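Given the structure is predicted, the values throughout are model-derived calculations rather than measurements.
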Amino acid sequence: MNASYWLTNVRLEQGYDMEDGQVVGTNTMICHIRIENSAIAEIVGTETTLQCDLPKYDCKELLMLPSFEEAHIHLDKTYFDGPWKAVKPVSSIFERIEEEKILLPKLLPMAKQQAGSILTLIQGYGATHVRTHCNIEPVSGLHRLEATKQALDMFSGKISSEIVAFPQHGLLRSDSVELVKQSLAEGATHVGGVDPFTVDGDIEKSLQTMVELAVLNNAGIDIHLHDGNEAGKQTLMRLADLTEEAGLQGKVTVSHAFWFAGAQPQEAEEVAKRMASLGMSIVSTVPIGTIMMPLPMLYNNGVTVKLATDSLTDHWSPFGNGDQLDKAGRFAELYGYNDELSLSQALGFITGGIKPLDSKGQQVWPKVGDVASFVLLHASCSAEAIARRAERQAVWNEGRLVSGSL
């Protein structure tokens with residue numbers, strides 16, 4: 001496509017349809033949208049005759065929604081694009097780590113190709129941003145980082161990215177501090193960690209080390225936290241204190257945060273409010289089974305909540321399909337978001353908070369000047385798209401068609 005062109009007959013959400021003070025539907029209108037380089041330059045109604053020589057592409061009244069964000073995935077270690085293999089049963093995270101030490105070198109030769117295949121998959125589902133966790137530990141060195149960067153380079157201009165230097169075998173336990181430091185100098189954007197109590201055996205030292213690495217390298221933090229009970233709470237509270245002391249507000253993410261699933265409601269709300277005051281985020285796979293995360297409570301108390309894939313068929317889990325819209329649909333089903341308003345607003349959990357309509361029904365996206373990153377879907381509105389996991393037709397990133405076709 002040219003740098004400047006029109007997308008004609010695009011369906012945009014305009015507001016909510018109300019009955020007796022309740023949202024009962026979503027109003028839309030068909031528009032023409034002019035894209036100029038990487039931004040939305042003009043939006044007009046179909047009553048306007050387009051008298052210009054710019055190329056025109058008919059969108060056939062498909063719904064336009066903001067493109068999606070994959071907030072937590074592991075591109076560098078996967079069985080995807082290879083033979084099927086289920087998970088080997090283990091009794092602890094330490095057994096799984098020992099399995100990794102043998103398995104990871106075997107997987108490395110295919111790492112770049114498999115990462116690229118996953119990126120193609122998630123892009124087709126509508127993702128234009130990805131945060132990937134990349135193993136950084138003595139077994140892998142920086143080899144997995146290099147493979148991940150090479151795969152991401154193949155998608156330059158198609159998908160933006162962040163890389164978490166993830167010491168899967170323990171930041172302290174596997175003596176990976178220097179490796180993480182090196183990875184931050186070679187392209188990683190965030191310091192990772194895993195269970196400072198269970199894996200590293202020293203909450204204070206583990207967290208202090210992460211924060212020091214982040215501050216010295218102007219990086220963010222994204223820590224895997226599975227620990228529950230008192231260890232989980234202590235880790236969260238100490239990380240919050242260190243976030244404030246180090247001036248890392250808005251730069252710290254806790255992935256999983258399973259402590260919340262077993263905490264008393266009042267105690268969980270107090271911790272949530274503390275995290276929210278510091279701009280700390282929680283990323284969740286919306287687990288089903290024995291763990292029920294109080295994600296609506298976290299969101300209602302001001303915590304930024306994002307949904308994510310995590311594993312996409314690997315030695316940790318055989319599940320995961322890379323479809324963020326499906327993840328939002330699971331969220332809606334699990335937490336009873338079955339009415340028009342809640343379904344529509346749930347879109348923000350997979351778009352970095354961007355939604356066509358705010359909670360009051362005001363149209364806030366797209367506006368002239370917005371980055372032209374979006375997905376066209378076969379749905380009448382965002383609520384239907386989430387509930388029915390609508391088919392994606394085409395995906396744009398910064399004004400460029402990157403997946404699908406019209």
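Among residues two or more places apart in sequence or in another chain, the side chain to side chain donor-acceptor pair (under 3.5 Å) test is passed with S117 by D81. Legend: residues meeting side chain to side chain donor-acceptor pair (under 3.5 Å) with S174, ordered by chain and number and at least two apart, are S176. By the side chain to side chain contact (heavy atoms under 4.5 Å, CB included) test, D153 pairs with no residue at all, sequence neighbours left out. In this view, D326 and R389 satisfy the salt bridge (Lys or Arg N to Asp or Glu O under 4.0 Å) rule, not counting sequence neighbours. Residues satisfying the side chain to side chain contact (heavy atoms under 4.5 Å, CB included) test with K88, not counting sequence neighbours, are R96, E99. K273 meets the side chain to side chain contact (heavy atoms under 4.5 Å, CB included) test with E269, N301; sequence neighbours excluded. Every residue meeting the side chain to side chain contact (heavy atoms under 4.5 Å, CB included) condition with Y299, not counting sequence neighbours, appears here in chain and number order: V305, F349, K355. Qualifying side chain to side chain donor-acceptor pair (under 3.5 Å) partners for T148, counting only residues two or more places apart in sequence or in other chains: none. When the ring-ring contact (aromatic ring centres under 6.0 Å, His included) test is applied to H169, no partner is found at least two apart in sequence or on another chain.
Between the side chains of S67 and T128, at least one donor-acceptor pair of N or O atoms lies under 3.5 Å. Side chains of D222 and S255: a donor-acceptor N/O pair is present below 3.5 angstrom, by distance only. A donor and an acceptor atom, one from each side chain of D310 and H74, are located under 3.5 Å apart. Remark: the N218 side chain and the K251 side chain contain an N/O donor-acceptor pair separated by less than 3.5 Å. N27 and D17 are not linked by any side-chain donor-acceptor pair at a separation below 3.5 angstrom, with hydrogens and angles left out of the test. For the residue pair N135 and E137, a side-chain donor N or O sits within less than 3.5 Å of a side-chain acceptor on the partner. There is no side-chain donor-acceptor pair under 3.5 Å between E267 and W259. A donor-acceptor pair shorter than 3.5 Å cannot be found between the side chains of E230 and Q234. No hydrogens or angles considered: nothing links the side chains of S403 and R392 as a donor-acceptor pair under 3.5 Å.
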Donor-acceptor pairs are to be reported for all side-chain atoms of residues 370-381 against protein atoms at under 3.5 Å, with residues two or more places apart or in another chain.
residue: D370; atom: OD2; partner: K367; partner atom: N; Å: 2.7
residue: S373; atom: OG; partner: N397; partner atom: OD1; Å: 3.3
residue: S373; atom: OG; partner: E398; partner atom: N; Å: 2.9
residue: H378; atom: NE2; partner: Q393; partner atom: OE1; Å: 2.8
residue: S380; atom: OG; partner: E384; partner atom: OE1; Å: 2.6

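When the options Q168, H315, H133 are evaluated for a side chain to side chain donor-acceptor pair (under 3.5 Å) with K77, the one that passes is Q168. Tested against D195 for a side chain to side chain contact (heavy atoms under 4.5 Å, CB included), the candidates L225, T235, I223 yield a single pass: L225.
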*Tell me, with the steps shown, if V44 and L50 meet side chain to side chain contact (heavy atoms under 4.5 Å, CB included).*
CA-CA 9 Å; V44 300; L50 303 181; 4.1 Å; yes
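The closest side-chain heavy-atom distance from I159 to V402 is not below 4.5 Å. Annotation: side chain of L65 is not in contact with side chain of L325 (no heavy-atom distance under 4.5 Å). Between I122 and T309, the closest side-chain pair of non-hydrogen atoms is not below 4.5 Å.
The ring-ring contact (aromatic ring centres under 6.0 Å, His included) analysis of residues 189-221, with sequence neighbours excluded, yields no pairs. For residues 80-129, the set of pairs meeting the ring-ring contact (aromatic ring centres under 6.0 Å, His included) definition, not counting sequence neighbours, is empty.
For R330 and D323, the salt-bridge test fails: no basic side-chain N is under 4.0 Å from an acidic carboxylate O. Salt bridge status for E245 with R238: present, with a side-chain N to carboxylate O gap under 4.0 Å.
In terms of heavy atoms, G126 sits closest to V395 at CA-CG2, 3.8 Å.
Atoms CG and OG, from D339 and S344 in turn, are 10.0 Å apart once rounded to the nearest 0.5 Å.
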